[in-house]
Amino acid sequence: FKGYHTSIAGSMTNLADFRESQGEIDEAEELFKKALEMRRFIYEGKHPEIALSINNLAIYYLRLARYEEAYPLLNEALEINRGLYNDNHPLLVNSLNNLGRYYEFTGNYKKAEELYTESLTIIQNIIKDYFPSLSEKEKRLFWKNLRSDFNKFNSFVLIRPFVNSVNGTA
């Protein structure tokens, strides 16, 4: 397809975010889908840019409470990222947290907690392995990027109902 380029896909995603913020929901969805289609055409197989676009569309659906549409996309993005990265990669954390949000929003708190806990374990391993060698500026940036993951988990723990760890019921 003429005119397909990854930078254009990135710009389409930015425009989709803007359109959504302006309440132009249908236009935003089309842009997210077009960016994903473009990246699937540009890259073969499992690629981080494809996982990113899949995640973008899935998160859009989560924000609109269109959970049935979000779920397969979140699983696909996680599957791609698990295949691309080792067990201690920040993009894997992102996919785990996004699928965790799905389970949280749909009331499966046990599954959400499992995914959130896995992502926090990865973050702890990253901190243990890399944090000591970072400069103070890099440490501040690192924390700035990860702070929201900790805050999301803390918020989840505070608002979720008690979950029986044996059978997963509330």
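In this structure, the side chains of Phe131 and Ile126 stay at 4.5 Å or more apart for every pair of heavy atoms. Using a 4.5 Å heavy-atom threshold, the side chains of Phe18 and Glu24 count as separate. Between Tyr60 and Arg63, the closest side-chain pair of non-hydrogen atoms falls below 4.5 Å. Looking at Pro90 and Tyr85, their side chains never come closer than 4.5 Å, going by heavy atoms from C-beta outward. Inter-residue side-chain proximity for His89 and Asn81 is flagged as unmet; no heavy-atom pair is nearer than 4.5 Å. No side-chain heavy atom of Val93 sits under 4.5 Å from any side-chain heavy atom of Leu96. Within the 4.5 Å cutoff, no side-chain heavy atoms of Asn108 are placed close to those of Tyr102.
A donor-acceptor pair is defined here as one N or O able to donate and one able to accept, closer than 3.5 Å; no such pair exists between the side chain of Ser53 and the backbone of Ile50. Side-chain N or O atoms of Ser119 include one that pairs as donor or acceptor with a backbone N or O of Tyr116 at under 3.5 Å.
Taking both residues in full, the closest heavy atoms of Met38 and Ala9 are given as SD-N, 3.7 Å, listed atom of the first, atom of the second, then distance. Pairing each heavy atom of Ala28 with each of Glu20, the nearest pair is CB-N, 3.7 Å. Shown here for Gly100 and Ala112, the closest heavy-atom pair between the two residues is O-CB, 3.4 Å.
One distance of note links CG of Leu134 with CD1 of Ile127; it measures 10.0 Å at 0.5 Å rounding. One distance of note links CZ of Phe150 with CZ of Phe153; it measures 10.0 Å at 0.5 Å rounding. The distance from atom CG of Leu57 to atom OG1 of Thr13, rounded to the nearest 0.5 Å, is 9.5 Å. Going from atom CG of Asn55 over to atom CG of Asn98 covers 4.5 Å, rounded to the nearest 0.5 Å. For the atom pair OG1 of Thr106 and CD of Glu68, the computed distance is 10.0 Å after rounding to the nearest 0.5 Å. In this structure, the separation between CG on Leu31 and CG on Asp26 is 11.0 Å, given to the nearest 0.5 Å.
A donor atom on one side chain and an acceptor atom on the other are found under 3.5 Å apart for Glu138 and Ser135. A side-chain donor-acceptor contact under 3.5 Å links Tyr61 and Glu29.
Atom CD of Gln22 has more than 12 neighbouring heavy atoms from other residues, nucleotides or ligands inside a 6.0 Å radius.
Checked options Asp87, Asn88, Asn86; the residue passing with Ile122 is Asn88 (criterion: side-chain contact (heavy atoms from CB on, under 4.5 Å)).
Clustering ILVMFWY residues whenever any of their side-chain heavy atoms sit less than 4.5 angstrom apart, transitively, puts Ile54 in a cluster other than the one holding Leu52.
Classification of Glu118 and Arg82 as a salt-bridged pair holds, one side-chain N sitting under 4.0 Å from a carboxylate O. Glu30 has no carboxylate O lying under 4.0 Å from a charged side-chain N of Arg19, or vice versa, which leaves the two without a salt bridge. A salt bridge is absent between Arg101 and Glu104; no separation between the charged side-chain nitrogens and carboxylate oxygens falls under 4.0 Å. Taking a cutoff of 4.0 Å between a charged side-chain nitrogen and a carboxylate oxygen, Glu113 and Lys110 do not qualify as a salt bridge.
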Show the atom names and distances, to 0.1 Å, of all donor-acceptor pairs under 3.5 Å that link a side chain in residues 69-79 to residues at least two apart or in another chain.
from, atom 1, to, atom 2, distance (Å)
Glu69, OE1, Arg66, NE, 2.7
Glu69, OE1, Arg66, NH2, 3.3
Glu69, OE2, Arg66, NH2, 2.8
Tyr71, OH, Asn75, ND2, 3.3
Tyr71, OH, Tyr103, OH, 3.1
Asn75, ND2, Tyr71, O, 3.3
Glu76, OE1, Arg40, NH2, 3.2
Glu76, OE2, Arg40, NH1, 3.1
Glu76, OE2, Arg40, NH2, 3.1
Glu79, OE2, Lys46, NZ, 3.3

Only pairs under 3.5 Å count here: list side-chain donor-acceptor contacts from residues 140-149, not counting sequence neighbours, and write none if there are none.
from, atom 1, to, atom 2, distance (Å)
Asn145, ND2, Leu141, O, 3.3
Asp149, OD1, Asn97, ND2, 2.8

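Note on ring orientation: taking the six-membered ring where Trp is involved, the planes of His47 and Tyr43 are parallel (angle under 30°, cut-offs 30° and 60°).
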